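To start, the structure itself, in structure tokens.
Just so it is clear, the model here is predicted, and its values are computed rather than measured. In the text below, chain A, chain B and the rest are named by the order of the sequence lines, each starting its count at 1.
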Amino acid sequence: MENLRIAELLKSSDFGKEVQVKGWVRTKRGNKNVAFIAINDGSGIHSIQAVVDLSKIPEEALRQVTTGACISVRGTLTQSQGQGQTVELQTSALEIIGAADETFPLQKKAHTLEFLREIAHLRPRTNTFGAILRIRHHMAMAVHHFFNERGFFYLQTPVITGSDAEGAGEMFRVTTLDLKNLPYNEDRSIDYKQDFFGRETNLTVSGQLEGELAATALGQVYTFGPTFRAENSNTPRHLAEFWMIEPEMAFHDITDNMDVAEAFLKYLIRYGLEHSKDDLEFLNTRAIEEDKNKKESERSKTTLMERLNLVAENTFKRITYTEAIAVLEKGKKFEFRPEWGKDLQKEHENFLVDHFKIPVIVTDYPKGIKAFYMKQNEDGKTVRAMDVLFPYVGEIIGGSQREENYDKLQARMKEMDIPEESLSWYLDTRRYGTCPHSGFGLGFERLILFITGMSNVRDVIPFPRTPKNADF
RNA sequence: UCCUUGGUAGCUCAGCUGGUUAGAGCACAUGACUGUUAAUCAUGGGGUCACUGGUUCGAGCCCAGUCCGAGGAGCCA
């Protein structure tokens with residue numbers, strides 16, 4: 001007997017065929033003559049309905065068929081007599097693989113996302129998280145497809161890094177030293193020579209610098225791996241451990257960089273619309289239902305599907321930082337007045353996206369608010385940075401053309417007090433056969449946030465790590 | 001980290017100006033029901049009111065501290 005996954009069976013019209021399914025019970029209902037069991041095996045958003053004739057299978061056998069139980073059902077695939085589904089299973093045999101007693105926390109009703117976060121080990125069994133995790137998978141595949149099709153090489157950069165000068169945020173220390181009995185130098189500083197690597201090491205905050213090394217050899221590379229920031233950030237957009245995609249491309253200037261970023265985002269969204277249609281439709285409907293419980297002022301003006309299509313079909317607005325400030329000055333009253341030289345506030349970003357109604361790429365930021373490695377413009381004031389601003393999630397990509405001139409890069413590091421010794425290997429790329437190159441970083445969870453229409457990154461990663469939370 | 005807000009049954013919430021024995025819906029259990037769609041109907045078991053201390057004749061409610069959640073801000077992806 002064929003053991004098919006439910007997503008396949010639901011598409012089948014092979015009525016009369018004997019099949020077996022294994023999965024988890026979502027709900028059971030019925031009367032003393034017939035029972036209906038919704039079984040889901042994770043293969044898709046839709047469950048299959050097993051119809052149990054109680055004259056053939058005694059009610060006693062159904063006792064353990066409760067929400068959450070794992071069961072195996074054998075039966076005949078038939079056209080459904082009821083509404084609501086086209087295919088169903090006429091049960092001939094039923095087996096309990098793993099029972100779930102009444103303490104099983106998931107009920108056949110909607111739970112709050114906050115509650116589900118507390119039971120992150122069980123939330124994949126819900127429709128919402130099943131959909132999100134499947135979409136997350138397809139998006140990861142899409143990332144690899146996109147770059148592979150364009151001749152990029154997938155580069156695995158180190159998770160443990162000795163580099164502490166990246167300036168991308170607070171880092172998590174990696175050590176095997178006994179914290180209760182630390183070795184000290186004569187000047188009371190900690191003697192890291194006795195640590196595992198013989199030096200201070202941390203978890204990576206970015207694979208970019210290593211990516212640049214490979215780009216100046218392989219031409220076009222990308223990284224896709226976990227990234228760690230020890231910032232005490234408590235927002236729906238930040239995680240202490242998240243996944244980032246960082247392409248790095250030789251012979252690409254800032255415009256080429258924007259072209260790749262825009263094509264990439266559109267590719268990902270189209271890929272999602274194609275490969276995760278059912279799950280996206282489920283999440284779209286879910287968001288509309290959720291909205292009905294909200295106050296009118298808090299409701300979303302667009303649906304998830306509308307937002308996805310908007311991004312997939314429209315050319316992004318490209319604007320310099322200086323132009324953006326001008327737009328903002330004419331825009332409206334902000335809590336923080338836009339001022340040239342200061343970083344854009346969240347309210348400013350939101351205004352720009354609202355104003356143009358499409359994703360916005362802001363370029364050429366003042367050098368004072370950007371990282372040391374960004375290419376300096378001729379005006380002496382700005383650098384070739386670019387941020388891609390998205391509706392709903394804000395900054396989804398941050399990138400730049402890199403400074404490839406050895407002297408200028410070295411001078412900028414000196415200005416910003418970045419110790420040259422620690423990055424001599426990085427400067428070597430400019431010393432030997434340097435070339436213009438660019439790259440950017442895409443926050444994977446922010447992408448998933450946009451695609452799923454969820455509103456907290458903690459709900460789009462299986463096990464979120466945030467300040468005071470590393471359960472599971 | 002700052003500001004705002006919240007923590008009452010397994011879940012979602014109500015609980016008046018501080019006053020007798022703490023309320024509902026869902027879930028669960030039992031029963032009814034000839035194909036249900038979060039099935040429906042009836043019955044009834046279920047509470048350390050986040051924690052610690054204080055005010056009071058009396059605290060779920062008032063005060064202080066602590067812990068945890070959410071929203072906004074900063075940091076950023």
Shortest side-chain distance from [X], nucleotide among [options]:
{"X": "A:Asn234", "options": "B:rC28, B:rC75, B:rU1", "answer": "B:rU1"}
{"X": "A:Glu88", "options": "B:rA77, B:rU36, B:rG72", "answer": "B:rU36"}
{"X": "A:Lys468", "options": "B:rU12, B:rC68, B:rG71", "answer": "B:rC68"}
{"X": "A:Arg237", "options": "B:rA77, B:rU12, B:rC75", "answer": "B:rC75"}
{"X": "A:Asp343", "options": "B:rA70, B:rC76, B:rG74", "answer": "B:rC76"}
{"X": "A:Lys108", "options": "B:rC26, B:rA39, B:rA73", "answer": "B:rA39"}
{"X": "A:Arg29", "options": "B:rC11, B:rC76, B:rU37", "answer": "B:rU37"}
{"X": "A:Leu239", "options": "B:rA70, B:rA77, B:rC11", "answer": "B:rA77"}
{"X": "A:Gln107", "options": "B:rC33, B:rC26, B:rC75", "answer": "B:rC26"}

Measure [atom1]/[X] against [atom2]/[N] and give the value in whole Å, please.
{"X": "A:His111", "N": "B:rC11", "atom1": "NE2", "atom2": "C1'", "answer": "6 Å"}
{"X": "A:Phe228", "N": "B:rA77", "atom1": "CZ", "atom2": "P", "answer": "16 Å"}
{"X": "A:Ile37", "N": "B:rA38", "atom1": "CD1", "atom2": "P", "answer": "17 Å"}
{"X": "A:Leu54", "N": "B:rC33", "atom1": "CG", "atom2": "P", "answer": "13 Å"}
{"X": "A:Asn456", "N": "B:rG71", "atom1": "CG", "atom2": "P", "answer": "5 Å"}
{"X": "A:Leu89", "N": "B:rU37", "atom1": "CG", "atom2": "P", "answer": "20 Å"}

Distance below 4.0 Å between A:Gln345 side-chain N/O and B:rG74 OP1 or OP2
yes

Give [X] one of three labels, base, sugar-phosphate or nothing, depending on what nucleic acid heavy atoms sit under 4.0 Å from its own.
{"X": "A:Thr235", "answer": "base"}
{"X": "A:Thr27", "answer": "sugar-phosphate"}
{"X": "A:Gly82", "answer": "base"}
{"X": "A:Gln85", "answer": "base"}
{"X": "A:Arg26", "answer": "nothing"}
{"X": "A:Ser80", "answer": "base"}

Smallest separation among heavy atoms of A:Val311 and A:Phe390, with atom names:
CG1-CZ, 3.6 Å

Base of B:rA77 and ring of A:Phe242 stacked, centres under 5.5 Å, planes under 30°
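A stacking contact exists, since A:Phe242 sits close and nearly parallel to the base ring of B:rA77.
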
Report the residue from A:Phe224, A:Phe152, A:Tyr267 that forms a ring-ring contact (aromatic ring centres under 6.0 Å, His included) with A:His144.
A:Phe224

Ignoring hydrogens and angles, state whether a donor on the side chain of A:Arg26 or A:Gln49 is under 3.5 Å from an acceptor on the partner side chain.
no

Map A:Lys346 and A:Gly398 onto RNA chain B by nearest heavy atom, then report which one ends up closer to the 5' terminus.
A:Lys346

Positive for side-chain contact (heavy atoms from CB on, under 4.5 Å) with A:Phe351, one of A:His355, A:Glu347, A:His348, A:Glu349
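Exactly one option meets the side-chain contact (heavy atoms from CB on, under 4.5 Å) with A:Phe351, and it is A:His355.
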
Pairwise P distance, B:rU52 and B:rC33 [rounded to whole Å]
50 Å

Please determine whether the number of non-hydrogen atoms from other residues, nucleotides or ligands lying under 6.0 Å from atom CZ of A:Arg337 exceeds 12.
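Not more than 12 within 6.0 Å, no.
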
Around atom NZ of A:Lys28, are there more than 12 heavy atoms of other residues, nucleotides or ligands at under 6.0 Å?
yes

